[in-house]
Structures are given as structure tokens and as C-alpha cells.
2 protein chains.
Amino acid sequence: MVNTTAKINTISNCKKCNHKLCTQKVSIFSSLNMEQLAKVGDLINHRRYKKGELLVMEGEKTESLVIINEGQVKAYKTTLDGKEQIIYIFSEGDFFGERNLLRDYASPYNVEALEETHVCIIHKRDFQILIKSIPDIAVKIMEELCMRLDRLENTIETMGSRTVEARVSLVLLEFADKYGKPHPRGTLIELPLSREGIANYIGLARETVSRKMSILQEEGILEMIGNKKVLLLNRSELEKTLK
Amino acid sequence: MVNTTAKINTISNCKKCNHKLCTQKVSIFSSLNMEQLAKVGDLINHRRYKKGELLVMEGEKTESLVIINEGQVKAYKTTLDGKEQIIYIFSEGDFFGERNLLRDYASPYNVEALEETHVCIIHKRDFQILIKSIPDIAVKIMEELCMRLDRLENTIETMGSRTVEARVSLVLLEFADKYGKPHPRGTLIELPLSREGIANYIGLARETVSRKMSILQEEGILEMIGNKKVLLLNRSELEKTLK
DNA sequence: TTATTTTTATGCGTGAAATCACAGTTTATG
DNA sequence: CATAAACTGTGATTTCACGCATAAAAATAA
């Protein structure tokens with residue numbers, strides 16, 4: 001998994017990285033002291049991926065916990081009809097592969113870089129030792145897993161109560177919270193996904209997403225800036241479509 | 001939460017229960033030795049609910065981990081249009097309320113007994129002490145949460161790739177695995193939910209569930225026995241509709 | 001058992017989203 | 001900066017689940 005190029009990067013970045021980047025960015029290590037952080041840092045390997053590169057393939061047996069240090073990735077399943085259903089978008093500080101740490105099973109999804117992405121990798125065996133010497137890490141992971149459960153439960157609720165507008169609104173609000181930056185006229189969102197990606201995230205056709213977003217623009221709720229940005233003008237109005 | 005009646009039950013049941021029931025049924029305590037099990041047993045309270053009774057209300061702040069000892073419950077959210085979206089069905093050995101153990105927040109769903117149900121309750125403060133003295137419990141909970149994530153991810157996949165047949169098949173297979181009993185001609189499933197319940201579980205209209213199940217019966221894949229049982233005759237054929 | 005209530009099956013019309021097709025726009029690339 | 005490639009928007013058409021209505025069946029109570 002770690003090729004030569006990655007090793008070179010590792011060496012050149014590590015001093016900086018161990019103390020400033022991975023370990024401190026990540027909530028699961030937030031309760032650690034300096035000494036413990038250094039210990040964790042020693043166990044970490046690094047790797048870089050270009051946009052479109054696969055980090056993990058569906059069904060592949062992985063052996064590590066992977067933490068996003070920079071960039072973002074999508075985790076998706078390939079459905080029967082050949083489409084992709086995106087389940088997660090992981091960004092800086094997020095992790096995946098936690099399921100393989102305890103049991104021994106295959107990745108339930110593909111993970112693909114949405115842009116240039118740097119990750120920190122901790123091998124299963126190291127992590128198991130780590131979790132025993134610092135049990136609080138398990139609790140932190142538990143917390144993160146609970147947040148994911150929350151998100152998935154809400155997604156299921158919205159997907160179940162079949163109003164399509166609500167699904168589009170929900171994803172826009174999610175992106176606004178996660179990627180939005182203040183802007184004189186509202187919130188500027190850098191979309192992590194194309195229209196097709198959004199459609200695959202919320203289980204709709206690409207065209208439907210286009211149409212619904214056009215309507216929201218006509219209503220003055222948002223403004224599309226090119227294909228990759230959205231300026232959210234009236235958040236409260238958007239939230240109303242959820243109720 | 002614990003009324004007088006429950007306390008009486010507690011006393012009368014406890015000896016038997018502590019050593020034979022809750023603690024041993026539950027995977028999160030599976031790695032404990034006898035001494036530890038006894039310690040846990042001391043912290044447990046009991047309560048009984050009749051069919052239709054609410055164990056927890058959506059939005060309510062709860063303070064305990066609840067383990068199903070006998071019976072089953074549904075956890076559901078009430079959607080905008082007044083319907084219920086069922087998220088989980090918890091049976092013997094399952095637990096809920098784990099999210100309130102770490103942080104302090106409200107239940108994301110209603111929990112309602114589907115039949116006479118007995119539960120074991122551990123208070124937050126006791127559990128926090130327990131988890132510190134036996135860190136392995138956190139790991140066990142992690143495992144269980146990972147399994148839930150798996151299930152929700154699969155549900156989202158099926159709900160996203162809008163083939164309705166697949167949703168019905170998935171839920172039938174899930175019930176077959178969880179509640180199915182061997183039968184000379186296949187697998188006999190005691191359905192935990194009515195047609196309407198199933199519909200609310202997979203986000204469809206009740207009529208649509210009826211129709212799809214009728215088709216499956218015509219195709220000889222299953223046989224409906226009254227309203228509460230299904231005899232699955234051809235599992236592999238049912239699985240094909242997922243692929 | 002019979003009566004009552006609840007649950008289920010099914011035909012049918014409507015409407016909303018999927019799909020197809022294509023033009024137009026944006027973004028990436030050399 | 002120009003050209004190719006990828007992505008997006010929108011009309012026309014089709015499909016299929018929803019929801020109503022009603023009859024039948026099953027579960028529950030008397």
C-alpha cells in the first residue's frame with residue numbers, strides 16, 4: 001500500500017506532520033498528551049493520492065485505519081444498475097477503515113479521492129496496541145461512530161419520506177455547514193461533488209437535482225456560481241422545505 | 001422512569017436475571033468474567049412494557065442504556081407529513097441509548113414496544129464507571145455500532161437505487177436472518193411488523209408493499225400465512241432481485 | 001362461536017420523477 | 001489561449017409508485 005514515492009514524502013513531512021497535522025487534527029486523539037501524541041506519531045505512515053485515485057476498493061481487505069490529513073474522498077457502493085451510491089464524504093480529520101480494526105472483513109465501499117489527498121495510515125496491529133494502552137481512544141471513536149449513525153438515520157428518514165425537495169435541501173444545508181464560508185450576501189459553498197455526484201449521494205437522477213436547484217435559484221434562495229459553487233442567500237427559507 | 005411496579009419486579013426477578021439473563025445475553029458483556037458480571041448485575045434495574053407502550057419519546061433526554069431482555073421494540077422518527085419512519089427494530093440482546101452515555105443529548109427517535117417487553121436499565125453514571133474499569137466494553141459497543149452502520153449503509157444503498165423490489169427483498173432477507181426458523185419447505189418468518197410497519201421501515205406505501213409481496217407469492221418465491229407469517233420458499237431467487 | 005375491529009389486497013387514475021435527447025456551458029488540458 | 005472534454009440545463013416522453021376506494025380477509029373481543 002505504501003509505495004516508494006509515499007515513503008519519500010513520509011520522511012520529508014514527518015517532523016512537521018506528527019506534531020502539527022494528523023494527530024492534532026483528529027478528534028479521536030484529542031485527549032492525548034504530548035508524549036502520547038509522539039507515540040502515535042511514530043506509528044503513522046503517509047500516502048498521497050491524486051484526484052480520481054482509489055484508496056480502497058469495495059470488497060478489498062484492508063488492514064489499516066486511514067485518517068484524512070488533507071483533501072477529501074468519497075465512499076460509495078456500486079449498485080446493481082451500475083450506478084454509484086455515495087455514502088460518505090470524508091474530509092480533513094475524518095477517518096475510515098475503523099471496522100477492520102476489530103474484526104477481519106472487507107471494505108463495504110470504494111473510497112476515491114475527490115481531489116489531491118494526503119492521508120495518515122495506522123496499521124491494525126499498531127492500533128490494537130494503542131487502543132489498549134489508551135482506552136479513551138475507543139470512546140472517542142465511539143463518539144464519532146455515533147455521529148455517523150445520527151447522519152445516516154437522518155438520511156434514511158429523508159429518503160423514506162419521499163419529498164425530493166427535502167433531500168436536496170438537506171444536502172445543501174449539510175454542505176453549507178461543512179464547506180460554507182461567510183460571504184456578504186450569505187454563505188458561499190464550495191461543492192465537493194458535481195450535480196451527478198450530488199444525485200448519487202441522495203439517490204436521485206442528475207436532471208432532477210438540476211431542476212430542483214434551478215427552482216431554488218428562481219425563488220431567490222440560492223445563486224449558482226459556475227458548477228462548483230453555490231451562494232446560499234436565504235438559509236431559513238431553505239430550512240423551511242424540511243418542515 | 002422506574003415505577004413501583006417495576007421495582008417489585010426487580011426484586012422478584014433479580015437473582016435469576018443477573019446470572020442467567022441480561023448480562024449473558026448481551027454481546028457487550030460477553031468478555032466479562034463471573035465476578036465482573038456480578039458487578040454489572042448490581043447496577044441493573046428492570047422494567048416491563050406492554051405492547052404499544054413508549055419506552056422513550058423522540059426529543060426526550062434519557063439517562064440510561066437500555067438492553068432488551070425479552071420482547072422487541074421499534075425505534076422510529078415522526079416525519080413532517082406525520083408518518084413514522086422506522087429506523088431500527090431491537091430484539092433480545094440489543095440495546096439503545098448508547099448515544100446519551102457520552103454526550104448529553106436527546107433521543108433522536110421514539111421507542112415503542114411491539115409486544116410485551118422486558119428491559120434492563122443501566123444508569124449513565126454507573127455505565128461510565130463501568131466502562132472505565134472494563135475498557136473492553138467500549139470496544140464491544142464499537143463493534144455493535146459498526147454493525148449498525150453496515151445495516152444503515154446498506155439500507156441507504158437500496159433506498160437510493162430506486163428499485164422498489166430490492167427494498168422489499170432486502171427487508172424480507174433481513175427478517176429471514178433475524179427471525180426465520182427452519183421449515184420443511186424453506187424458512188418460516190414471524191414478521192415483527194405489519195405491512196404498514198414494513199412500509200414505514202423501507203419508506204414505501206403500504207399498498208406497494210402488499211403488491212410486491214403478492215408478486216413474490218405468484219412467482220412462488222414465498223407464501224404468505226395469515227398476516228404475520230411468511231414462508232420463504234426460494235431464498236436464492238429472492239437474493240437475485242438484489243443483484 | 002359470532003360479532004366487531006383491524007389489517008390486507010387490488011383496481012384505477014393521477015402526478016412526479018426517471019429517462020432520453022440534445023443544446024449550451026463550464027472546466028480541464030496541452 | 002484555444003481546443004477538447006466533461007458537465008449541466010431543459011424540453012418531451014415514459015414509467016411507476018402513490019393514494020383513493022372498496023372488498024375481502026384476518027385478528028381480536030365478546
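In what follows, chains carry the letters A, B, and so on, assigned in the order in which the sequence lines appear, proteins first and then strands, with residues in each chain numbered from 1. Here the structure is a predicted model, which is why all the values come from computation and not from measurement.
- In this structure, Leu204(A) places its CG atom 10 Å from C1' of dA18(C), rounding to the nearest Å.
- A cation-pi arrangement is found for Arg148(B) relative to Tyr88(B), the charged atom lying closer than 6.0 Å to the ring centre and inside a 45° cone about the ring normal.
- Contacts of Glu207(A) with the nucleic acid, taken as non-hydrogen atoms under 4.0 Å apart, include base atoms.
- Between the CD atom of Glu165(B) and the P atom of dT15(D) there is a distance of 15 Å, rounded to whole Å.
- Two residues are said to be in side-chain contact when any heavy atoms from C-beta on lie closer than 4.5 Å; Leu231(B) and Thr187(B) fail this criterion.
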### Message
For nucleotides 22-30 of chain D, give me one character per nucleotide, 5' to 3': B if any protein heavy atom sits under 4.0 Å from the base, S if the only such contacts are to the sugar-phosphate, - if neither.
### Response
----SSS--
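- Not a single donor-acceptor pair under 3.5 Å links the side chain of Thr78(A) to the backbone N or O of Gly82(A).
- By the neighbour-count criterion of 12 heavy atoms within 6.0 Å, atom NZ of Lys229(B) is sparsely surrounded, having that number or fewer from other residues, nucleotides or ligands.
- Straight-line distance from the CD atom of Glu196(B) to the P atom of dC18(D): 13 Å, rounded to whole Å.
- Under 4.0 angstrom from either OP1 or OP2 of dG9(D) there lies at least one side-chain N or O belonging to Arg195(A).
- Figure legend: Lys74(B) and Tyr76(B) shown as a cation-pi pair, the cationic atom lying under 6.0 angstrom from the six-membered ring centre and within 45 degrees of its axis.
- Following rounding to the nearest Å, Lys212(A) (NZ) and dA18(C) (P) show an atom-to-atom distance of 9 Å.
- Salt-bridge annotation for Arg195(B) and Glu207(B): absent, with no side-chain N of the basic residue lying under 4.0 Å from a carboxylate O of the acidic one.
- In this structure, Leu191(B) places its CG atom 14 Å from P of dT7(C), rounding to the nearest Å.
- Look at Arg99(A) and Glu153(B) and you find a salt bridge, because one of the NZ, NE, NH1 or NH2 atoms lies within 4.0 Å of a carboxylate O, short of that distance.
- At whole-Å resolution of the value, NZ in Lys50(A) and P in dA28(C) are 16 Å apart.
- Picking from dG9(D), dA17(C), dT10(D) the nucleotide with the shortest atom distance to the side chain of Val164(A) gives dA17(C).
- Among the protein residues, Met213(B) comes within range of no part of the nucleic acid, since none of its heavy atoms lies under 4.0 Å from any strand.
- Residue whose closest nucleotide on DNA chain D sits further toward the 5' end, between Thr208(B) and Ser214(A): Ser214(A).
- Atom NZ of Lys83(A) and atom C1' of dA17(C) are 11 Å apart (whole Å).
- To the nearest angstrom, C1' of dT25(C) lies 14 Å from CD of Gln217(A).
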